Amino acid sequence: MRLLCFRIQGKMAHFRRYYSNSSSLTYSIPPRTTVAGIVAGLLGLERDSYYEIFSLDQCRIAVASCSPIKKVMQKMNLLKVESVNDLNGFQEHHSQTATEFVLPQNIRTGMIDYRVWFYHVDQNIMGKLEKILSNSSVINGYVSAGISLALGTAGNLGWLTYEGVLEGEEIQEEVNVPIFSSIPASGIKEIVVEKTNMVEYRLVKEDMPFEFDRSRRLTNRGKGSMIINLNSAPIFAKVSHHIRLANHESIMWMQ
């Protein structure tokens, strides 16, 4: 199995929880659907046209947080836009909405840093994405066939760092192994906690969307729980299966 590995980085992020209403909460890491949207944007695909292309049957995605993060809640004055004239910001009344953001532990010197492993059964998609990510004509940047990268909303600007191609092998057996990505709760048997790794754990469990249908609705298997280490260290766990990479790291798909 041939995987592409890249990093999504920035100073702040907001990955809105799909069930948020009056308060706009965020996930700690970009959900699978968000990563699929980022890749679709890089490939130049039309909005809402790619859900079946990046279905769980055709595409595999794993995500890890590579730097310690925290969350803060901020009141945002949002515009109530009912016409084009409302976009100028001169409205008399604004809607104040509590909005949660992901930040690095040290906002001055740190940054948000997510590693993404990506695989698609269609080798044409893999080849096109690899060409975009590895394009060397731009110094300290990337080339997109569509939209530019944002970590959630347009104001949360981000950038990409390409890490190359990795070979991976699917291991279908129950073993204790350090998992470098977030872990689906359905595939974990036990978290191994020892004195040597106890301080490295700051674990959270979050329900995340995995897959939408063409009407942008969750499919029957389109939601699940992920175990995330906010301290960015690998999680030692007994898992039912995993992907062993050529660099001797192990990951698990978001599914």
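For reference, positions follow the sequence shown, starting with 1. If you're wondering where the values come from, they're calculated on a predicted model, not measured in any experiment.
Using a distance-only test at 3.5 Å, with no hydrogens or angles considered, no donor-acceptor pair links the side chain of Asn231 to the main chain of Ala233. A donor-acceptor pair under 3.5 Å links the side-chain atoms of Ser182 to the main chain of Val63, judged by distance alone. Not one N or O on the side chain of Lys11 forms a donor-acceptor pair closer than 3.5 Å with the backbone of Pro104. In terms of modelled atom types and a separation under 3.5 Å, the side chain of Ser215 and the main chain of Arg217 share no donor-acceptor contact. Although no hydrogens or angles enter the test, the distance criterion places no donor-acceptor pair under 3.5 Å between the side chain of Thr26 and the main chain of Phe101.
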| said: Show, in sequence, the C-alpha distance, side-chain angles and deciding distance for Arg216 and Asp48, and conclude whether the side-chain contact (heavy atoms from CB on, under 4.5 Å) test is met. | reply: CA-CA 7 Å; Arg216 198 177 169 79; Asp48 298 332; 3.9 Å; yes

| said: Test side-chain contact (heavy atoms from CB on, under 4.5 Å) on Asn176 and Glu190; report intermediate values, then the result. | reply: CA-CA 9 Å; Asn176 288 338; Glu190 180 185 359; 5.5 Å; no

| request: Report the C-alpha distance between Leu151 and Ile8 in whole Å, list the side-chain angles of each, state the deciding distance to 0.1 Å, and finish with yes or no for side-chain contact (heavy atoms from CB on, under 4.5 Å). | output: CA-CA 8 Å; Leu151 299 183; Ile8 302 172; 3.0 Å; yes

| request: Check step by step if side chain to side chain donor-acceptor pair (under 3.5 Å) holds for Arg7 and Tyr114. | output: CA-CA 5 Å; Arg7 295 170 94 130; Tyr114 300 111; over 6 Å; no

| request: For the pair Ile38 and Leu149, evaluate side-chain contact (heavy atoms from CB on, under 4.5 Å) and give the outcome as yes or no after the intermediate values. | output: CA-CA 7 Å; Ile38 289 173; Leu149 175 65; 3.6 Å; yes

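Across every non-hydrogen atom of Pro184 and Gln255, the tightest pair is CB-O, 3.5 Å. Closest of all the heavy-atom pairs between Met252 and Ala62 is O-CB, 3.4 Å. Smallest separation of non-hydrogen atoms from Tyr18 and Tyr27: CD2-OH, 3.1 Å. Minimum interatomic distance between Arg202 and Ile69 (heavy atoms only, all atoms of both residues): NH2-O, 2.7 Å. Nearest heavy-atom pair across Phe54 and Ala40 is CE1-CB, 3.8 Å. Counting all heavy atoms, side chain and backbone alike, Cys66 lies closest to Ser232 at C-CB, 3.5 Å.
When only modelled atom types and interatomic distance are considered, Ser24 and Glu100 share no side-chain donor-acceptor pair under 3.5 Å. Side chains of Arg2 and Tyr119: a donor-acceptor N/O pair is absent below 3.5 angstrom, by distance only. With no hydrogens or angles considered, a side-chain donor-acceptor pair links Ser28 and Glu206 at under 3.5 Å.
The side-chain heavy atoms of Glu173 and His241, taken from C-beta on, include no pair separated by under 4.5 Å. You'll find the side chain of Leu166 reaches within 4.5 Å of the side chain of Trp117, heavy atoms only. Counting heavy atoms from C-beta outward, Cys59 and Arg32 have side chains that approach closer than 4.5 Å. Counting only heavy atoms from C-beta outward, the side chains of Met1 and Glu170 approach each other to under 4.5 Å. Residues His242 and Val175 are in side-chain contact: their nearest non-hydrogen atoms beyond the backbone lie under 4.5 Å apart. Side-chain atoms of Asn229 and Val204, non-hydrogen and from C-beta on, never get closer than 4.5 Å to each other. Between Met12 and Leu103 the shortest side-chain heavy-atom distance falls below 4.5 Å. Side-chain contact between Ile29 and Met254 is present, with heavy atoms from C-beta onward closer than 4.5 Å.
Between Lys223 and Asp207, none of the side-chain N atoms (NZ, or NE/NH1/NH2) sits under 4.0 Å from a carboxylate O, so this pair counts as no salt bridge. A salt bridge is absent between Arg244 and Glu249: the closest approach of a Lys/Arg side-chain nitrogen to an acidic carboxylate oxygen does not fall below 4.0 angstrom. Taking the charged nitrogens against the carboxylate oxygens, Asp57 and Arg221 do have a contact shorter than 4.0 Å, which makes a salt bridge. The pair Glu163-Arg115 meets the salt-bridge criterion, with a side-chain N (NZ, NE, NH1 or NH2) lying under 4.0 Å from an Asp/Glu carboxylate O.
Under a hydrophobic clustering in which Ile, Leu, Val, Met, Phe, Trp and Tyr are joined whenever their side-chain heavy atoms come within less than 4.5 Å, directly or via other members, Leu56 and Ile53 fall into the same cluster. Under the 4.5 Å side-chain heavy-atom criterion for ILVMFWY residues, no single connected hydrophobic cluster contains both Leu25 and Leu218. Clustering ILVMFWY residues whenever any of their side-chain heavy atoms sit less than 4.5 angstrom apart, transitively, puts Val116 in the very cluster that holds Leu43. Val239 and Val192 fall within a single hydrophobic cluster, where Ile, Leu, Val, Met, Phe, Trp and Tyr side chains are chained together by heavy-atom contacts under 4.5 Å. Residues Met111 and Leu157 do not share a hydrophobic cluster, defined by chaining ILVMFWY side chains whose heavy atoms lie under 4.5 Å apart.
For an aromatic pair to be called close, the ring centres must be under 6.0 Å apart, and Tyr162 with Phe6 fails this.
To the nearest 0.5 angstrom, Leu129 atom CG is 11.5 Å from Asp122 atom CG. Distance check, rounded to the nearest 0.5 Å: CH2 of Trp253 to CD1 of Ile183 gives 14.5 Å. In this structure, the separation between CD1 on Ile191 and CD1 on Ile179 is 11.0 Å, given to the nearest 0.5 Å. In this structure, the separation between CD1 on Ile235 and OG on Ser250 is 12.5 Å, given to the nearest 0.5 Å. Once rounded to the nearest 0.5 Å, the distance linking CD of Glu167 with CG of Leu245 reads 10.0 Å. With rounding to the nearest 0.5 Å, the separation of NZ in Lys189 from NZ in Lys238 is 9.5 Å.
In summary, of the residues considered (Asn220, Thr33, Thr219), a side-chain hydrogen bond (donor to acceptor under 3.5 Å, both in side chains) with Glu211 occurs for Thr219 alone. The only member of Leu42, Val39, Thr161 that meets side chain to side chain contact (heavy atoms under 4.5 Å, CB included) when paired with Leu133 is Leu42.
Other residues, nucleotides and ligands contribute at most 12 non-hydrogen atoms within 6.0 Å of the CD atom of Glu46.
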